[in-house]
Amino acid sequence: MAEWQLLLYIAGQTPKSIKALSNIKKYAEEHLTGKYSIEIIDLLKNPQLAEGDQILAVPTLVRKFPEPMRKIIGDLSNEERVLVGLNIKPGN
Amino acid sequence: MRRNVQETSNTHTPNNFIFPKTPTGVEGLDEITEGGFPKGRPTLICGGPGCGKTLLSMQFLIKGITDFDEPGVFMSFEEPTADLSLNVKSLGFDLEQLKADKKLVVDYVRVERSEIEEAGEYDLDGLFIRLGYAIDTINAKRVVLDTLEALFSGLDNQGILRAELRRLFHWLKEKGVTAIITGERGESTLTRQGLEEYVSDCVILLDHRVIEQVSTRRLRIVKYRGSTHGTNEYPFLIDEDGISVLPITSLKLDNEVSSDIVSPGIPGLNDMFNGGGFYRGSSILVSGTAGTAKTTVACYFAHEQCLKKERTVYFAFEESPQQLVRNMRSISIDLEPHIKDGYLQIHSSRPSLNGLELHLLTLRKIIKEFKPTTVIIDPISNLINVGSEQEVRSMLVRLIDMLKVNNITALFTSLNKQTENFRPDLAEESVSSLVDTWITVRDMEGLGERNRGIYIVKSRGMGHSNQVREFIITAKGIELLDIELGPNGILTGAARQSNELQRKMDEMKLERELSRKDREIARKRKVLEANIEALRNEFESAEEELSLLRATEELQEQLAGENNKSIKKD
């Protein structure tokens, strides 16, 4: 099991979701090299999964582990906020 | 009234297109909306906290399932599912069962700002997918979103949010579900976030007001695109059966009328009406000042109706049922057997217990459940003290119309203020034009005593006596006395008695005089007869004398002739 378990909820291959995926991959490679896993959940295929993690907006990045659970919504283009949100970098 | 007439004519135009509607199943609301919420479109329900938005929406869903077989989705943004189930359980709705039956999906959407970080562009497809999934799994026809505005507190990007909401409502329409969106009331707008901008088909405003310490819930249809609807504020009630709304537009003065006569039950009073009583389904007002036996008249009527096996409801705003039964027993009216037999229900409460509207709703419920043919409200003037003049008037109109529609014979008593003039006060004024028969009981004071009189002020469609009849109440009950006419009109009480005495004396005098005259005539006849006899005797003796003379003369002639013969012989 990876130390960092990330879930990315998307709804189809939209520009936003593609962007989000490439963004998180980039940040993770940079900051969490080798200790992360990213699972992509397409709600169009598995709509029943939306309720469990209280997904409202897409794309939503969920940090399943380490706990507590964190959620970041959007295409993750704002790196600063993503890192603060994932608690990789302390917020100010 | 005029508005009602207008509405009537609108709904009866020949080319009437029927706007597709989804019945709400909420009592009264379907009547106001003329069939329910717009089918396949979103409806906005807004109002302040605690005014019943969630309950109304929940009832819409549940009634949809139980009464119309339309499954529903409840998406809650405020209350977790378990709380929601518990809250509506007290109203007799079992959400868990409905969920198990695959008729209902309750989805709690938690929007917690502290858990969510926004980093870049996003949309609310997650919500759409969730909702879409829920709708598709049970093939839902009805959807409730309670309260969407929670999104605004959870998400920062207002621009995205608004655009997404607009998309959501379009999407709901495309889905063809009849949706309710609830919204918290704002300062100057209907909803805090201006949701009315997006949901423009039907907007319903709920309100909860406290006037003079009496709270009333009200509902108003702010707009309803494509359909006529009641425009007034309608009071509604939340009780153990959920929400019920009190409509007035359903009342169009076209109720069926009956020519049956029901007797007031007071011997003598029946005869004052040419028809022998009241028409069934009419409204009767018994007005009078304090202590003029209004309640007694009302109880007589109740008693009479119960004897005829008519179901009767007696609303007593002054006395408890036990007190009423006891008091009536003192004049030989026993109401207890009727209560036991189930023909009579006595409901006692203080008028100030509820707002006017609630009384009306209570009445409506009782009418629905007990199905009485007779309703007595004693006194209606007590209700009038609860509200303002206007409220009272509108409430009375609705009350009386409601009774008429159900063909219920209704008797109201009304307490007048003790005034010198005959003219009615507010209570009567409000009611008089609405009632069909108006009986007044009044005090007639004079000569140091107080007597009771009863008369009929009006009786629509029936000739009636114009007399003021005196009545007395004894241990045997009410007795209407015969008219006693004096030189200056009808007499009552002691005047009646002295008049009766006088009359008797006069009669005796007359009788004596007559017999005296008779005797005199007899005497005169005797004298006359004696005179006749004397004359006859006189005549007889004269006649006798005459015949004696004639005989003497004949004898002389004979003798003279015999003498002549003897002379010639010589």
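To find a chain, count down the sequence lines: A is the first, B the second, and so on, and within it residues start at 1. Because only heavy atoms are used, hydrogens play no part in the values below, and waters and symmetry mates are left out as well, while side chains stay in.
What you find for A:Ala57 and B:Tyr122 is that their closest heavy atoms are CB-CD1, 3.6 Å. Residues B:Gly120 and A:Ser77 come closest through the heavy atom pair CA-OG, 3.7 Å. Here the closest non-hydrogen pair linking A:Ile72 and B:Ala119 is CG2-CB, 3.7 Å.
Atom CZ of residue B:Arg110 and atom CG of residue A:Asp53 lie 10.0 Å apart, to the nearest 0.5 angstrom. Rounded to the nearest 0.5 angstrom, B:Glu115 CD and A:Arg70 CZ are separated by 9.0 Å. Remark: A:Lys16 NZ to B:Glu121 CD distance equals 6.0 Å, nearest 0.5 Å.
With chain B as partner, the option from A:Gly85, A:Ser17, A:Ala50, A:Gly12 having the largest number of non-hydrogen pairs under 4.5 angstrom is A:Ala50. Of the residues considered (B:Asp123, B:Asp125, B:Leu124), B:Asp123 shows the highest number of contacts with chain A, using heavy-atom pairs under 4.5 Å.
Summarising the local packing, NZ of B:Lys99 is surrounded by more than 12 heavy atoms from other residues, nucleotides or ligands at distances under 6.0 Å. By the 6.0 Å contact criterion, CD on A:Glu67 is open, its count of non-hydrogen atoms from other residues, nucleotides or ligands being 12 or less.
Residue B:Ile129 forms a side-chain contact (heavy atoms from CB on, under 4.5 Å) with just one option from A:Leu44, A:Asn46, A:Ile55, A:Leu56, and that option is A:Leu44. Across A:Gln48, A:Glu51, A:Gln54, a single residue satisfies side chain to side chain donor-acceptor pair (under 3.5 Å) together with B:Arg130, and that is A:Gln54.
With a 4.5 Å cut-off on non-hydrogen atoms, B:Leu131 does not touch chain A at all.
Between B:Leu155 and A:Ile73, the closest side-chain pair of non-hydrogen atoms falls below 4.5 Å.
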